[in-house]
Amino acid sequence: MGQAAPVRAASILQRMEWIEINLPGAELRIAPQFLGPQAADAALSSLIEEIPWEQHRIRLYGREHASPRLSCWIGDPGASYTYSRTRFEPRPWTPELQGLRQRVEAACGTRFNSVLANLYRDGGDGMGWHADDEPELGLRPMIASLSLGAARGFAFRDRAERRQRLKLELPHGSLLLMAGQTQALYQHALPKSARPLPPRLNLTFRHIAIPSA
Ligand SMILES: O=C(O)CCC(=O)C(=O)O
Ligand SMILES: [Mn+2]
């Protein structure tokens, strides 16, 4: 009988380590290597293919614009979400997203019933200042943000003075957790970059209150 090939420990051990990020009043932590490079590469290529990307319309200073990124709202039945005055009905979970949801839930110790997927096609795509503070997310929402592809800057400014307080880099395979008063006290943004950059895909897992029928 031949011997089974030994399983390489490095390929099955997850290098999951949370690092606390200091931002007064906020609750922020990052797992820079939530997914190792190979798992992150595989997730990026399958998600780019399997998510039905759309260009959402957003309202800025009273005018409607095409959002400078592609997006898709995915979730459990009934997890509809209204932002920028538009209501989105959830698309169904894909197999890759279901697998990632379970890993993210295990790492964060909470359940997520929806995810906003965003695709920044190059450095010219981005996201302006906002907080994820819609009523259906609850008062102290926990939002887990998985980044794949090009590393991009992610900035926070306080809502009282509108001064930038922090800028992080979100690398390929990283998971950022925003919880507690983070949305109440701060806004966040993903600035555009003048550099030509490869695509970046981001998944923000959320828990939406589903009204009972
Ligand atoms: O792309 C990101 O890292 C975050 C996007 C974001 O803040 C959002 O979609 O609400
Ligand atoms: Mn956001």
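Counting starts at 1 for both ligands and their atoms, following the listed order. Along the sequence shown, residues are numbered consecutively beginning with 1.
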Query raised in the report: Ion pair present between Arg91 and Glu54, side-chain N to carboxylate O less than 4.0 angstrom?
Result: yes

Query - Sequence-distant partners of His56, ring-ring contact (aromatic ring centres under 6.0 Å, His included), two or more places apart - result: Phe88

Report task. Could you tell me whether Arg101 sits above the aromatic face of Phe205, with NZ or CZ closer than 6.0 angstrom to the six-membered ring centre and within 45 degrees of the axis? Result -> no

**Report entry** Arg206 backbone acceptor or donor facing Ser114 side chain under 3.5 Å
**Finding:** yes

**Report entry** Degrees at the Mn ion (ligand 2) between the OD2 atom of Asp132 and the NE2 atom of His188, nearest 10°
**Finding:** 90°

Could you pull out every donor-acceptor pair under 3.5 Å between side chains of residues 132-143 and any protein atom, sequence neighbours left out?
from: Asp132; atom 1: OD1; to: His130; atom 2: NE2; distance (Å): 3.2
from: Asp132; atom 1: OD2; to: His188; atom 2: NE2; distance (Å): 3.3
from: Asp133; atom 1: OD2; to: Arg159; atom 2: NH1; distance (Å): 3.1
from: Asp133; atom 1: OD2; to: Arg159; atom 2: NH2; distance (Å): 3.1
from: Glu134; atom 1: OE1; to: Tyr81; atom 2: OH; distance (Å): 2.6
from: Glu136; atom 1: OE2; to: Thr82; atom 2: N; distance (Å): 2.8

Query raised in the report: Taking only residues two or more places apart in sequence, or in another chain, which ones meet Arg87 in a salt bridge (charged side-chain N to carboxylate O under 4.0 Å, His left out)?
Result: Glu89

N/O pairs closer than 3.5 Å, ligand 1 and protein:
from: ligand 1; atom 1: 1 (O); to: Tyr120; atom 2: OH; distance (Å): 2.6
from: ligand 1; atom 1: 1 (O); to: Arg200; atom 2: NH1; distance (Å): 2.9
from: ligand 1; atom 1: 1 (O); to: Asn202; atom 2: OD1; distance (Å): 3.4
from: ligand 1; atom 1: 3 (O); to: Arg200; atom 2: NH1; distance (Å): 3.3
from: ligand 1; atom 1: 3 (O); to: Arg200; atom 2: NH2; distance (Å): 2.8
from: ligand 1; atom 1: 3 (O); to: Asn202; atom 2: ND2; distance (Å): 3.3
from: ligand 1; atom 1: 7 (O); to: His130; atom 2: NE2; distance (Å): 3.2
from: ligand 1; atom 1: 7 (O); to: His188; atom 2: NE2; distance (Å): 3.1
from: ligand 1; atom 1: 9 (O); to: Arg69; atom 2: NH1; distance (Å): 3.1
from: ligand 1; atom 1: 9 (O); to: Arg69; atom 2: NH2; distance (Å): 3.4
from: ligand 1; atom 1: 9 (O); to: Asn118; atom 2: ND2; distance (Å): 3.1
from: ligand 1; atom 1: 10 (O); to: His130; atom 2: NE2; distance (Å): 3.1
from: ligand 1; atom 1: 10 (O); to: Asp132; atom 2: OD1; distance (Å): 3.2
from: ligand 1; atom 1: 10 (O); to: Arg206; atom 2: NH2; distance (Å): 3.0

